[in-house]
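Working notes for the structure below.
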Amino acid sequence: MDLHAVEKKWQQRWQEAQAFVPLRKGKKVFVTVPYPYTSGPLHIGHARTYTLADLWARYQRLQGKATLFPMAFHISGTPILSVADRIREGRKETLDLYRDYIGIYEPDQKKAEAVLRSFTEPKAVADFFSQVIARDFQSLGFSIDWTRSFTTGDPAYRKFIAWQFLRLRDAGVITRGSHAVQFCTRDQNAVGEDDIRDGDLLDTGIEAFTAVKFPFRDGFLVAATLRPETLFGATNLWIRPDATYVKARVDGEIWYLSAAGFATLGDQHHTVKEIERFPGKKLAGSEAQSPVEKRILPVLPADFVDPAFATGVVFSVPAHAPEDYVALRNLGFPVEPIPVITVPGYGPVPAKEVCDQLHISSAGDRDQLKEATRMLYKAEFYQGVLARAGPFSGTPVKEIKGQVAAWLKSRGKALDFFVPKTPDLVCRCGARVVVKVLPDQWFINYGDPAWKAKTRACLKQMAIIPEGSRASFEAAIEWLHERACARRRGLGTALPWDEQWTIESLSDSTIYPAFYLLAHLVRDQDAEKLVPAVFDFALLGKGTAAAAAKASGLPLKLLQSLRKEFSFWYPVDLRHTAVPHLTNHLTFYLFTHALLFPEQHWPKAISLNELLVRDGHKMSKSKGNVIPLADVSRQYSADLYRLYIASGADMSAVIDWTQEGIETVRKRLLAFIELAERAGSGKSPMDAWLRSRFHTMLQDLGQDIEGFRFRSYAQRAFFGMMNDVAHFFRRGGKAIPGDLLKDWFIVLSPLIPHVCEELWERQDGKGLVSLARWPRPDPKAVDPALEAGEDLVGRTVQDIREILKLVDRKPGKVHLYVAPDWKYVMHRRIADGADLKTLMADPAIRAQGKAAAVFFERAKKLPAAAGPAQELAALHGARTFLEREFGCPIEVVSALQATGARAAKAEPGKPGIEVV
RNA sequence: GCGGGGGUGUCCGAGCGGUCAAAGGGGCUAGCUUGAGGGGCUAGUGGCUUAGUGCCUUCGCGAGUUCGAAUCUCGUUCCCCGCACCA
């Protein structure tokens, strides 16, 4: 069978027949996968997700459910835009990269160059890649309904997103405020990890310090800290004597801080004006005041203060900071530590104890001091209770988190001061990256408690597969707070009430499965008519069709259809995707659904699969080990890929793509085709056995797929059944019964649909196997005794082999002794709980005397077995087979008709064996 | 640091209170197949023992719960992933 030709043939047939465009009839299943981003080609890792979803969708379809599995394309955001920018600028690495990408699909160099030139327009990039991705998906045989495709740049989609944001604002979750970001000084743009040089290796985070304003001279000495709760224990301030400090006007106040710290303030949304510069030693010896108490704090010199870090001013808490304690001691400055935290296992001045314990004598013991700080901070954080901390006294340290900072800020005594976790970051463009506080940003406030509660409720009613990921969702829901939802740059939808902002690309992709239900109907309409009233009616059922028609100018019938579509298909029954989407996209998905839709339209289930690696390594451009998706149909075959993906690893395990693995599966696939095509005719006693095996397997096979145990499904339905079929032929089976064969093809069609369609057609199956009905397990076909007999034969073969190995010679003849009836009786009664005494009441057993007592112990360990007559019959039936296997005569008798040690050893399910 | 998840035999990997010396592959070993093979088939692959058996040791490390633990609890250690304006 030519796999390529067969795959092409059936993909075309499916399309011609519109096989996967469902009708609104009967029970429905709506399954979605996040749409791909279209800045480049997809690789074989991406398709794992779509393959598993497709498998599931195909199974649902075989159950006779109206199954909708649509697909669209994501173009929002900055990457596509930057690609076009860089192509326009003629950057070599981008041109080379995209030339390669295009080359995957366009072998004609001239045409490829023309495509490349067109990429100066972002839309051309998006159009090209959405087309080729769609083609890739088709070549893998995904049962997608393509009639509903769209991109997130389509006018209708933008109307939908605008509506969504209006409703979010109505719900009161849109807020505005400032936001700290990494910022490129050249591009004047926020930059993410991807834009920063070595951003994947360095910590590109921003840390929010609390800058505390200590009244000082005519203004404030500003000290930054991560532990504002220790402020009540501050005894003095530290400055670096040899560094440069400034006096400056900041937001109308007078501040004193390091020159380096001052330089960052301008970016942090402060109005600044330098007044005077001077060396730090001019500050030493002066006095500041605690902002929370009347206490006077001397300003002292210290060389451990880094003037380039934060404000270059640190407040000193000798009772809890070993560094401060040691520095003060070394200075010989007479201050008493002021304890503010009580920690079990420590006295009043923990810092002193830790230092003594580690024998730290001078500030020179850097490592020791670090260790001491680490130990103490840990103990104080987890076990400490604030003892003397104004309104916070009595609160455990780990519970106060940002409370102290918030309290100080609200009183104007402190403010945020942002510090990059790694200093001196550089943008890919070469310019310096600074922390910038952007004012007037729009946020979605996922921190809203009522909203969180709703989202938790939404999660609670959902199935999460694997269930173990629920904890991650719960954590993500708790952790999520305000998220900036609009940017100044990028493709997408303008914020409807402030059009200079573009809605950020994860925020425009939360409830879009709903849009699949409208896309094909509104595509040809004037997008301007898609006013909010249309979506209010179609998606929320608000108002009437007539009112919406009037408000929009759209036909009444159209509005009715929209609502009908939505009502029929919503909610999403399954959203399947890869684990990395969990903490972002999927969590937003839950939040937004929980907020905008009534409970009946909340999502039903989410399933997650792990990623794919190649030969144990992540695929990446830099490693040059990426296999483009287009290679699957060219070099491997869609069904081979699907089989490998489904059977190679559990959904929640990383799957490793190896050439050897592929070859193994390829052999099995070809062997399957050969077996299935194996001509033959006639019946054999093995037919019933094979039928029984099939229906036994079938009994809970559907649950494997329902439960996303695709690996188990593939193992049983494909590999397991193949073994059975091989055994069937080995044991003298003539031909797989036709009806059984057809059922097998149906069962395997979600997994390897093309091959199954072809084989189905050759077996004169009616219509498409993809649209057939999943076979019902037939209890009448299941014959446990028959299977048990065959198991017995198998075990006996093993045992004979074992013995032959030990005796190490060619057998002249093998005798098989089936255990005497009384052993079967005892065995069964022991399984029912009978004890030896009761059993001995039976004369037939008592007659065996000691042998019965010995067997009693033994029988407890034996698995269930059929009766002696069945076992005798099974072995008799297998005689010619066994003789062929071992190349010698086999004799089967009941142990009753024999004597000797071997015959006496016979047990239920385990005949005695004598090799002569 | 915070949050989530893991450490299983030569390797990958299933198992998640008894049916576990532990599925399934890969590798390795042996036999068969011999219109050549690196292909196909069959068997073996912790130790000792044995005519198909039995025993011992083993599932990161240490302790515990239990008649019984790879599986549950606690501690410990190592590893992976996420931490936001990035799709």
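Convention: sequence-line order gives letters A, B, ...; per-chain numbering from 1. Keep in mind that the numbers below use all heavy atoms, side chains included, and drop hydrogens, waters and symmetry copies.
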Across the strands shown, which category fits [X] at heavy-atom distances under 4.0 angstrom: base, sugar-phosphate, nothing?
{"X": "A/Ser39", "answer": "nothing"}
{"X": "A/Ser712", "answer": "nothing"}
{"X": "A/Val916", "answer": "nothing"}
{"X": "A/Gly912", "answer": "base"}
{"X": "A/Leu480", "answer": "base"}

d([atom1], [X]; [atom2], [N]) in whole Å:
{"X": "A/Phe473", "N": "B/G3", "atom1": "CZ", "atom2": "C1'", "value": "15 Å"}
{"X": "A/Arg709", "N": "B/A23", "atom1": "CZ", "atom2": "C1'", "value": "16 Å"}
{"X": "A/Ile655", "N": "B/G13", "atom1": "CD1", "atom2": "P", "value": "11 Å"}
{"X": "A/Leu804", "N": "B/G31", "atom1": "CG", "atom2": "P", "value": "17 Å"}
{"X": "A/His585", "N": "B/G82", "atom1": "NE2", "atom2": "C1'", "value": "16 Å"}
{"X": "A/Glu474", "N": "B/G5", "atom1": "CD", "atom2": "P", "value": "10 Å"}
{"X": "A/Asp704", "N": "B/A14", "atom1": "CG", "atom2": "C1'", "value": "14 Å"}

For [N], give the paired nucleotide (Watson-Crick: N1-N3 plus N6-O4 or O6-N4; G-U: N1-O2 and O6-N3; both under 3.5 Å), or none.
{"N": "B/C41", "answer": "B/G31"}
{"N": "B/A69", "answer": "none"}
{"N": "B/G82", "answer": "B/C2"}
{"N": "B/U57", "answer": "none"}
{"N": "B/G9", "answer": "none"}
{"N": "B/C74", "answer": "B/G62"}

For this session: Identify whether the distance between the nearest side-chain nitrogen and carboxylate oxygen of A/Glu478 and A/Arg456 falls below 4.0 Å.
Result: yes
For this session: Would you mind checking if A/Asp700 and A/Arg709 are paired as a salt bridge, meaning a charged N to carboxylate O distance below 4.0 Å?
Result: no
Will you find, in the side chains of [X] and [Y], an N or O donor that is under 3.5 Å from an N or O acceptor?
{"X": "A/Thr32", "Y": "A/Arg575", "answer": "yes"}
{"X": "A/Gln182", "Y": "A/Thr204", "answer": "no"}
{"X": "A/Gln659", "Y": "A/Glu663", "answer": "yes"}

Distance between [atom1] atoms of [N] and [M] (Å, rounded):
{"N": "B/U53", "M": "B/G38", "atom1": "C1'", "result": "40 Å"}
{"N": "B/U71", "M": "B/C86", "atom1": "P", "result": "45 Å"}
{"N": "B/G24", "M": "B/C80", "atom1": "P", "result": "31 Å"}
{"N": "B/U66", "M": "B/G60", "atom1": "C1'", "result": "23 Å"}
{"N": "B/G7", "M": "B/C72", "atom1": "P", "result": "10 Å"}
{"N": "B/C56", "M": "B/A69", "atom1": "P", "result": "13 Å"}

Return no unless some side-chain N or O of [X] is found under 4.0 Å from OP1 or OP2 of [N].
{"X": "A/Lys667", "N": "B/G39", "answer": "no"}
{"X": "A/Lys905", "N": "B/A51", "answer": "no"}
{"X": "A/Arg487", "N": "B/C86", "answer": "yes"}

For this session: Check whether the ring centres of A/Tyr589 and A/Phe473 lie less than 6.0 Å apart, and answer yes or no.
Result: no
Problem set entry | Ring-ring centroid check A/Tyr35 A/Tyr512, cutoff 6.0 Å | yes
For this session: Would you kindly check whether a donor in the side chain of A/Arg801 faces an acceptor in the base of B/A51, or vice versa, at under 3.5 angstrom?
Result: no
Exercise. Hey, which of these two, A/Gln798 or A/Ile206, hits RNA chain B nearer its 5' end, going by closest nucleotide?
Worked result: A/Gln798
Seminar exercise, completed: Nearest-nucleotide check on RNA chain B, A/Gly468 vs A/Thr583; residue mapping nearer the 5' end is A/Gly468
Exercise. Between B/G52, B/A14, B/C41, which nucleotide gets closest to the side-chain atoms of A/Arg668?
Worked result: B/C41
Problem set entry | Candidates B/C85, B/G24, B/C86 - which lies nearest the side chain of A/Gln715 | B/G24
